[in-house]
Number of protein chains: 2
Amino acid sequence: MVVDELAQADVDRIFHALADATRRDIVRRTLSVESSVSELARAYDMSFAAVQKHVAVLEGAGLVTKHSRGRERMVRGNAAQIARARALLTQLEDLWRARFSRLDEVLADPPPPPRP
Amino acid sequence: MVVDELAQADVDRIFHALADATRRDIVRRTLSVESSVSELARAYDMSFAAVQKHVAVLEGAGLVTKHSRGRERMVRGNAAQIARARALLTQLEDLWRARFSRLDEVLADPPPPPRP
DNA sequence: GTAACGTGCAACCACATGGTTGTAGATGAA
DNA sequence: TTCATCTACAACCATGTGGTTGCACGTTAC
């Protein structure tokens with residue numbers, strides 16, 4: 001039984017969020033050390049607002065969470081969501097492996113025909 | 001030593017390709033059973049050209065390969081590329097785990113100060 | 001040879017995306 | 001209080017994306 005089913009739209013959001021080098025780097029950073037939005041903004045060669053948007057995309061995908069610390073908003077990477085994405089890829093790979101077991105069935109000696 | 005380094009742009013392409021439900025389904029199908037572009041096109045409620053574009057995006061990301069069979073172009077899912085994407089996610093998760101080992105260091109008894 | 005099929009590509013369109021600047025509200029520091 | 005900082009959000013713009021239709025070309029079937 002799968003506890004946490006992800007709707008297709010959720011999966012879309014996760015992979016889309018990961019399809020940008022800046023966003024992947026933000027995830028990387030905040031998985032190691034949580035940081036404020038402005039700390040992140042200082043790390044990249046773009047405006048504060050641009051970084052803020054990237055964080056919002058990541059948050060929408062569940063890849064990071066935010067919580068207040070004083071006037072700052074701390075960003076923290078969410079490893080669990082990454083694990084879900086990884087599980088989806090593993091499922092795909094399993095489909096590929098299943099291909100060979102089906103091939104084995106074909107190559108194996110066919111079962112005797114049913115008695116009439 | 002890592003043999004196959006993926007450039008950021010490659011990673012962008014892989015995750016972007018996976019960020020669409022139709023494309024993920026095409027990968028799913030062709031990992032199990034290779035199919036022609038027109039077979040795929042019949043499976044979805046959109047034009048042939050649209051499906052063809054999706055296949056092109058997947059091919060550009062290395063997630064599927066194509067080869068000719070008569071007048072058809074057979075599409076086959078590429079599990080190796082999916083494995084690379086999965087490895088990237090695993091690396092991210094490992095960063096998260098490393099966070100705790102660093103925390104352990106802090107919490108552990110500090111080493112004795114160096115002799116003067 | 002002719003017709004039908006499978007594919008690729010170009011042009012087009014509506015809309016999303018990734019960036020910018022500017023404004024405004026909270027919060028902390030002096 | 002006053003000022004600087006951190007954040008959020010809106011408006012705007014160039015470009016990319018996902019879909020369409022139409023056409024050209026190679027291959028198979030009749």
Side-chain angles (χ1 to χ4, degrees), chain A residues 7-30 33-77 85, chain B residues 7-30 33-77 85:
Chain A
Q8 292 286 39
D10 296 328
V11 183
D12 287 5
R13 258 178 256 124
I14 293 174
F15 284 123
H16 171 253
L18 289 171
D20 180 283
T22 303
R23 286 198 289 262
R24 284 194 302 277
D25 199 67
I26 292 176
V27 171
R28 206 171 288 127
R29 266 172 208 272
T30 57
V33 182
E34 75 172 17
S35 9
S36 69
V37 180
S38 52
E39 276 169 352
L40 290 174
R42 270 179 241 120
Y44 304 100
D45 186 25
M46 63 183 78
S47 69
F48 175 87
V51 173
Q52 200 184 355
K53 277 194 187 181
H54 282 307
V55 172
V57 169
L58 289 169
E59 193 182 14
L63 287 167
V64 305
T65 58
K66 283 197 290 191
H67 60 103
S68 297
R69 196 179 69 183
R71 64 183 162 184
E72 292 175 309
R73 300 281 286 164
M74 304 306 292
V75 182
R76 183 184 298 179
Chain B
Q8 293 286 38
D10 297 328
V11 182
D12 286 6
R13 258 179 255 126
I14 293 174
F15 284 123
H16 170 253
L18 289 171
D20 180 284
T22 303
R23 286 198 288 261
R24 284 194 301 277
D25 199 68
I26 291 176
V27 171
R28 208 170 287 127
R29 264 172 209 273
T30 57
V33 182
E34 75 171 16
S35 10
S36 69
V37 180
S38 53
E39 276 169 354
L40 290 172
R42 270 178 241 120
Y44 305 99
D45 187 25
M46 64 183 77
S47 69
F48 174 87
V51 173
Q52 198 185 357
K53 277 194 186 181
H54 282 307
V55 172
V57 169
L58 289 169
E59 193 182 15
L63 287 166
V64 304
T65 58
K66 284 197 289 192
H67 59 102
S68 297
R69 196 179 67 182
R71 64 182 164 187
E72 292 174 308
R73 299 282 286 164
M74 304 306 291
V75 181
R76 183 184 299 180

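The chains referred to below are lettered A, B, ... by the order of the sequence lines, with proteins before strands, and numbering in each begins at 1.
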Visitor: Any idea which heavy atoms bring L40(A) and V55(A) closest together, and the distance?
Guide: CD1-CG2, 4.0 Å
Visitor: Taking only side-chain nitrogens and oxygens of R42(A), does any of them come within less than 4.0 Å of OP1 or OP2 of dC6(D)?
Guide: yes
Visitor: In whole angstroms, how far is the C1' atom of dT7(C) from the CE atom of M74(B)?
Guide: 13 Å
Visitor: L58(A) has an atom CG; how far is it from atom P of dG18(C), in whole Å?
Guide: 10 Å
Visitor: For L40(B) and dG6(C), give me the distance from atom CG to atom P, rounded to whole Å.
Guide: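 Those two atoms, CG and P, are 13 Å apart.
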Visitor: How many Å lie between NZ on K66(B) and C1' on dC9(C), as a whole number?
Guide: 12 Å
Visitor: Over all heavy atoms of both residues, which pair between A19(A) and R24(A) is shortest? Give the atoms and the distance, please.
Guide: C-NH1, 3.8 Å
Visitor: Examine dT7(D): is either OP1 or OP2 under 4.0 Å from a nitrogen or oxygen in the side chain of H67(A)? Give yes or no.
Guide: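 For H67(A), the contact criterion (side-chain N or O under 4.0 Å from OP1 or OP2 of dT7(D)) is not met.
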Visitor: Which whole-number value in Å describes the distance from H16(A) NE2 to dT17(D) C1'?
Guide: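 After rounding, the reported distance stands at 10 Å.
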Visitor: For nucleotides 19-30 of chain C, read 5' to 3', which letter fits each nucleotide if B means a protein heavy atom sits under 4.0 Å from the base, S means only the sugar-phosphate is that close, and - means neither?
Guide: BBB-----BS--
Visitor: Can you find a heavy atom in the side chain of V37(B) that is under 4.5 Å from one in the side chain of F48(B)?
Guide: yes
Visitor: Checking side-chain polar atoms at under 3.5 Å, does R76(B) have a donor or acceptor matched by the opposite partner on T30(B)?
Guide: no
Visitor: Rounded to the nearest 0.5 Å, how far does CG of D20(B) lie from CD of Q8(A)?
Guide: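 These two atoms lie 9.5 Å from each other.
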Visitor: Measure across V75(A) and K66(A) and return the closest heavy-atom pair with its distance rounded to 0.1 Å.
Guide: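 Closest heavy-atom pair between V75(A) and K66(A): CG2-CG, 4.0 Å.
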Visitor: Is there, by distance only and without an angle test, a donor paired with an acceptor across the side chain of Q52(B) and the base of dG8(C) below 3.5 Å?
Guide: yes
Visitor: Starting from the first five and the last five pairs of the helix from dG1(C)-dC30(D) to dA30(C)-dT1(D), work out the angle between the resulting helix axes, to 10 degrees.
Guide: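 Between the first-five-pair axis and the last-five-pair axis there is 30°.
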Visitor: Quick one: is R73(A) getting a side-chain N or O under 4.0 Å of the dA8(D) phosphate, OP1 or OP2?
Guide: yes
Visitor: Report yes if the side chains of E39(B) and R29(B) come closer than 4.5 Å at any heavy-atom pair, otherwise no.
Guide: no
Visitor: Given side chains that start at C-beta, do those of H16(B) and R23(B) come closer than 4.5 Å, heavy atoms only?
Guide: yes
Visitor: Is the shortest heavy-atom distance from the side chain of T22(A) to the side chain of M46(A) under 4.5 Å?
Guide: yes
Visitor: In this structure, how many angstroms lie between the P atom of dG18(C) and the CG atom of D12(B), rounded?
Guide: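 Value for this atom pair: 10 Å.
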